[in-house]
Novice: 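Please read through the structure below; I'll follow up with questions.
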Amino acid sequence: MALRIVNAGRGCGTGVWRCPACCERPFVVSGGSACDHRQMISTGGPDGRAGIDTALVKRLIAAQFPRWAHLPVVPVTVDGWDNRTHRLGDDKTVRLPTAAGYAPAVDKECDWLPRLAPRLPKAVPTILAKGAPGEGYPYSWSVRDWLPGETASPEGIDDMRQFAADVAGFMLALQRCDATDGPAAGAQSAYRGASPAHYDDETHRCIEALGGRIDNERATEVWQAALAREYRGEPVWFHGDLSRNNLLVDGGELSAVIDFGTSGVGDPACDLTIAWTLFRAESREVFRRTVGQDDGTWARARGWALWKSALTVANCPNPEDELVAIHLHVINEVLADHERLT
């Protein structure tokens, strides 16, 4: 019997959720909300989310890659949203998309990561095999190497200023990669790398929904400034979700960058949002100086950060949730930067 993997419409507190914390595409959270979803991806959640469990992974491996069938399969502790990931032995992972909207990223990563990897200063996932639909699972999937490290957090980073410089260096190296025939920004990248105007109506609704929790007038000014500074450069590679969850730290330093599912070729402004979501004060200035970019790119980056944080806060049903405080802080930092730098 085929698995039922649901890709539903947007809702709030109804069990149907479009994840604002890491992407904007819809999915179903079992009895959850945005705040519950944040907990789920930080703890991995129960095995079987989206109909993908250990038993299915074992069947797929046995049927398509029997040379690995003897290896233990265990769900990872920290799981993503677009995909479910299981450890396969000590040095491999199995990654399966959770819905049809995420499935095209399998081919994209299998095609492009081997070309990008030699030109990047930090490790990225190595694709070991691509699996086909089977055992009732309807999408392509992949087997990758296991990259050591923990997701980035200030507590695990020895020198945040050096970390900021390393992240900036990775971004610049990615932008220097040959973009010829690369996947153009658009639906395949959830419109990362395209104009933030794609989210214009949504951003205005979210700003209005936040009421007195932010300075609506200043937020609207930041958003309009982002739309006014159109990207006129040559398309370059961008990651699309360069957040702390996709940066691995080993030995206190940046060791790897993972999850290129929303990557593509276009405007790199979306990758700069980490300036406000992870870096503070001195490390933010190091990142800004190292990564460079013109004033227009930074204006669009502030727009991307505002959109994402406003969406997260507006859709979280619990105003006291820690996630709300985090993203309100991001918004205030973005507004302050806009006033200081323009």
Side-chain angles (χ1 to χ4, degrees), residues 2-3 5-7 19 22-27 49-52 56-57 59-68 76 79-88 92-120 123-147 174-175 177-194 198 235-243 245-246 256-268 270-271:
L3 300 174
I5 300 180
V6 184
N7 188 15
C19 162
C22 61
C23 73
E24 60 283 351
R25 290 170 288 182
F27 202 73
R49 179 171 66 86
I52 301 168
L56 170 65
V57 176
R59 293 197 307 272
L60 287 168
I61 291 294
Q64 300 185 33
F65 305 109
R67 63 187 180 278
W68 295 325
V76 297
D79 206 359
W81 186 252
D82 300 6
N83 300 270
R84 290 232 61 201
T85 302
H86 288 67
R87 293 287 299 268
L88 178 62
K92 300 176 186 66
T93 64
V94 183
R95 181 174 161 96
L96 297 92
T98 55
Y102 311 134
V106 175
D107 286 337
K108 178 173 64 177
E109 291 186 301
C110 288
D111 188 17
W112 285 101
L113 282 179
R115 307 191 212 183
L116 297 174
R119 295 168 175 79
L120 298 174
V124 298
T126 298
I127 309 297
L128 304 176
K130 186 174 82 169
E135 305 300 316
Y137 178 75
Y139 313 125
S140 296
W141 49 284
S142 62
V143 180
R144 301 150 180 251
D145 64 337
W146 171 258
L147 292 169
L174 182 60
Q175 291 175 22
C177 291
D178 186 2
T180 304
D181 297 326
Q188 69 84 21
S189 63
Y191 296 93
R192 312 293 170 84
H198 180 79
V236 297
W237 275 98
F238 60 87
H239 180 277
D241 191 13
L242 202 64
S243 66
N245 290 335
N246 292 326
V257 179
I258 61 175
D259 196 351
F260 285 71
T262 53
S263 64
V265 170
D267 174 12
C270 57
D271 282 347

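Note: hydrogens, waters and symmetry copies are ignored here, and every other heavy atom, side chains too, is used.
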Novice: Between Asp271 and Gly240 (side chain of the first, backbone of the second, donor and acceptor by atom type, cut-off under 3.5 Å), is there such a pair?
Specialist: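 Yes; at least one donor-acceptor contact below 3.5 Å.
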
Novice: Using side-chain hydrogen bond (donor to acceptor under 3.5 Å, both in side chains) as the criterion, list what pairs up with Thr93, not counting sequence neighbours.
Specialist: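 Partners of Thr93 by the side-chain hydrogen bond (donor to acceptor under 3.5 Å, both in side chains) criterion come out as none, since no residue qualifies.
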
Novice: Indicate yes or no for a side-chain donor-acceptor contact from Asp82 to the backbone of Pro97 under 3.5 Å, with no hydrogens or angles considered.
Specialist: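 Checking the backbone N and O of Pro97 against the side chain of Asp82, no donor-acceptor pair under 3.5 Å is found.
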
Novice: With sequence neighbours excluded, what pairs up with Arg87 under the side-chain hydrogen bond (donor to acceptor under 3.5 Å, both in side chains) test?
Specialist: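 For Arg87, no residue satisfies side-chain hydrogen bond (donor to acceptor under 3.5 Å, both in side chains) once neighbours in sequence are set aside.
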
Novice: Parallel, tilted or perpendicular: which fits the ring planes of Tyr137 and Tyr139, with parallel below 30° and perpendicular above 60°?
Specialist: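 Judged by the thresholds at 30° and 60°, the geometry between Tyr137 and Tyr139 is perpendicular.
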
Novice: Check the orientation of Phe65 and Trp141. Use parallel for under 30°, tilted for 30 to 60°, and perpendicular for over 60°.
Specialist: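 Phe65 vs Trp141 ring planes: perpendicular.
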
Novice: Go through the steps for Leu88 and Ile61 under the test side-chain contact (heavy atoms from CB on, under 4.5 Å), then give the verdict.
Specialist: CA-CA 9 Å; Leu88 178 62; Ile61 291 294; 4.0 Å; yes

Novice: Among all residues two or more places apart in sequence or in another chain, which pass the ring-ring contact (aromatic ring centres under 6.0 Å, His included) test with Phe260?
Specialist: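 Only His239 meet the ring-ring contact (aromatic ring centres under 6.0 Å, His included) criterion with Phe260.
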
Novice: Assess whether atom CZ of Arg115 is packed by more than 12 heavy atoms of other residues, nucleotides or ligands within 6.0 Å.
Specialist: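 Counting neighbours around CZ of Arg115, more than 12 heavy atoms of other residues, nucleotides or ligands fall under 6.0 Å, so yes.
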
Novice: Ala179 and Val265: which non-hydrogen atoms are nearest, and at how many Å?
Specialist: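 Smallest heavy-atom distance, with atoms named: CB-CG1, 3.7 Å.
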
Novice: Under the salt bridge (Lys or Arg N to Asp or Glu O under 4.0 Å) rule, collect the residues that match up with Asp178, sequence neighbours excluded.
Specialist: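 Partners of Asp178 under the salt bridge (Lys or Arg N to Asp or Glu O under 4.0 Å) test: none.
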
Novice: Taking side-chain hydrogen bond (donor to acceptor under 3.5 Å, both in side chains) as the definition, give me every residue that meets it alongside Glu109, ordered by chain and number, with sequence neighbours left out.
Specialist: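 Listed in chain order: Arg144.
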
Novice: Under the criterion side-chain contact (heavy atoms from CB on, under 4.5 Å), I'd like the reasoning laid out for Asp241 against Trp81: C-alpha separation, chi angles, the key distance, then a yes or no.
Specialist: CA-CA 12 Å; Asp241 191 13; Trp81 186 252; over 6 Å; no

Novice: Checking Val257 against Leu120 for the side-chain contact (heavy atoms from CB on, under 4.5 Å) test, could you report, in this order, the C-alpha distance in whole Å, the side-chain angles of both residues, the deciding distance, and whether it holds?
Specialist: CA-CA 10 Å; Val257 179; Leu120 298 174; over 6 Å; no

Novice: Please confirm whether the backbone N or O of Cys270 pairs with a side-chain atom of Arg192, one donor and one acceptor, at under 3.5 Å?
Specialist: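 A pair under 3.5 Å: no.
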
Novice: Any idea which heavy atoms bring Leu60 and Ala132 closest together, and the distance?
Specialist: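 Leu60 and Ala132 have their closest heavy atoms at CD2-O, 4.4 Å.
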
Novice: Distance-only, no hydrogens or angles: does the Gln188 side chain make a donor-acceptor pair with backbone N or O of Pro104 under 3.5 Å?
Specialist: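 Looks like no, no N/O pair under 3.5 Å.
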
Novice: Taking all non-hydrogen atoms of both residues, which atom of Pro183 and which atom of Lys108 are closest, and how far apart?
Specialist: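 Residues Pro183 and Lys108, closest heavy atoms: CG-CD, 3.7 Å.
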
Novice: Among residues at least two apart in sequence or on other chains, which ones pass side-chain hydrogen bond (donor to acceptor under 3.5 Å, both in side chains) with Asp259?
Specialist: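 Asp259: side-chain hydrogen bond (donor to acceptor under 3.5 Å, both in side chains) contacts with Arg95.
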
Novice: Dump the intermediate steps for side-chain contact (heavy atoms from CB on, under 4.5 Å) on Asp107 and Lys130, then the final yes or no.
Specialist: CA-CA 8 Å; Asp107 286 337; Lys130 186 174 82 169; 2.6 Å; yes

